There are 2 protein chains.
Amino acid sequence: MAHLQGDLAKVLIEREIKPSYHRIRIYRYLVENRTHPTVEQIYSDLQKELPTLSKATIYNTLKLFSDKGIAKTMTIEEKEARYDIVEENHGHFKCKECGDIYDFKIDIDDLGTGDLNGFKIDQKDVYFKGICRGCQ
Amino acid sequence: MAHLQGDLAKVLIEREIKPSYHRIRIYRYLVENRTHPTVEQIYSDLQKELPTLSKATIYNTLKLFSDKGIAKTMTIEEKEARYDIVEENHGHFKCKECGDIYDFKIDIDDLGTGDLNGFKIDQKDVYFKGICRGCQ
DNA sequence: TTCCGTTTTGTAATGATTACAATTCTATAA
DNA sequence: TTATAGAATTGTAATCATTACAAAACGGAA
């Protein structure tokens, strides 16, 4: 436990992220709080110990983490909702480059319901992200 | 084709949606444009033919359609992004009632890559929605 | 036609996110 | 140790999708 900060710093360095103090603390927060926190939550919790922390830093840092692959955003990365006629058995692929969204066939019901016993599942969505053929 | 409006109206009535003219036109737009349109796109396209159409109506109507199950929103219904440490093989279940998000085990790589030949897939996300055990 | 409830409109408010310039920090070299 | 350059952080203002809400328009029943 004594080397926690150091261990975390190592992870950042491996991913080519300079381990500044704030970055380490934000990363540590994510590791210790597996609760899908919002920026707001991260901010209000960490501010108790880091009074000068600003939201802008959190946004910057999370964006950096996402780019480097050690954290990810849980929305499909849209601030604008998009709408769809209800239709079964397809997933959505979003190209990071051109932003286009492609449908692809997938049997979503093949997905087991995992360990969701007793849960009522109304909707199943599968989202992939990457680079489409045309943008490679 | 002559009865298009009427056919669409029937679908709405089946779902207990009073088929007002604007509602039919918005539904028709979704049926004819399988392009995951945004509210902005729906608005600017439909406005050419329906000059008095307002965005508020589109928001209202899409919300109604979603509630009645004939359309769906393609985001996980959050305006606030949530963050996650990168970790493999779990999906996210969001309870519509309490808003909590649960992880569940799933082998996402079991999902075939569908017909995405030549696409580079960086990230695969599975989102379920419904009612959790505690809220039933 | 009149009336009532529903739908639609327009605008103002909200709230997350981004942009950006100014400030602070950090590591390295003199 | 001090100076300096580049990176990180801050704070605030701007942006933009979405929601709230009251007023107006609409539509069907009597």
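All values derive from a computational prediction rather than experimental measurement. Here is the naming used below: chain letters follow the sequence lines, and residue numbers restart at 1 for every chain.
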Calculate the interatomic distance between B:L64 atom CG and C:dT6 atom C1'; express it in whole Å.
12 Å
For the side chain of A:N60, counting heavy atoms from C-beta on, which of C:dT9, C:dT8, D:dT10 is nearest?
D:dT10
Does A:K94 come within less than 4.0 Å of A:D100, counting only side-chain N to carboxylate O?
no
Polar side chain donor-acceptor pair, B:D125 to B:Q123, under 3.5 angstrom
yes
Are any of B:S20's side-chain N or O atoms less than 4.0 Å away from OP1 or OP2 of C:dT6?
no
Counting just side-chain N and O atoms, does A:T57 come under 4.0 Å of either OP1 or OP2 of D:dT9?
no
In whole Å, what is the span from the CZ atom of B:R82 to the P atom of C:dA16?
12 Å
Is the phosphate of C:dT9, meaning OP1 or OP2, less than 4.0 Å from a side-chain N or O of B:H22?
yes
Figure out the CE/P separation between B:M74 and D:dA17, and round it to whole Å.
17 Å
Using the closest heavy atom to pick a nucleotide of DNA chain C for each, name whichever of B:I17 or B:A81 lands nearer the 5' end.
B:I17
Can any side-chain N or O of B:T57 pair as donor or acceptor with the backbone N or O of B:L53 at less than 3.5 Å?
no
For C:dT8, take OP1 and OP2 only and decide whether either is under 4.0 Å from a side-chain N or O of B:R23.
yes
Over how many whole Å does the gap from B:K55 atom NZ to D:dT18 atom C1' extend?
10 Å
Separation of C:dT7 atom P from B:I58 atom CD1, nearest Å, is 17 Å
When rounded to whole Å, the CZ to C1' distance for the pair A:R25 and D:dT9 reads 16 Å
Among C:dT9, D:dT10, C:dT17, the one nearest A:Y59 by side-chain distance
C:dT17
Among C:dG10, C:dT17, D:dT9, the nucleotide that comes nearest once only the side chain of A:V39 is considered:
C:dT17
Pair A:Y29-A:R25, side-chain donor/acceptor within less than 3.5 Å:
no
Please report, rounded to the nearest Å, how far the P atom of D:dA25 is from the CG atom of B:L53.
17 Å
Side-chain contact check for B:K18: nearest option of D:dA7, C:dT18, C:dT7 is C:dT7
Should A:R82 and A:D84 count as an ion pair when the cut-off is N to O under 4.0 Å?
no
Counting only side-chain nitrogens and oxygens, does A:T52 get under 4.0 Å of the OP1 or OP2 atom of D:dT9?
no
Distance in angstrom units between A:Y21 OH and D:dT9 C1', rounded:
15 Å
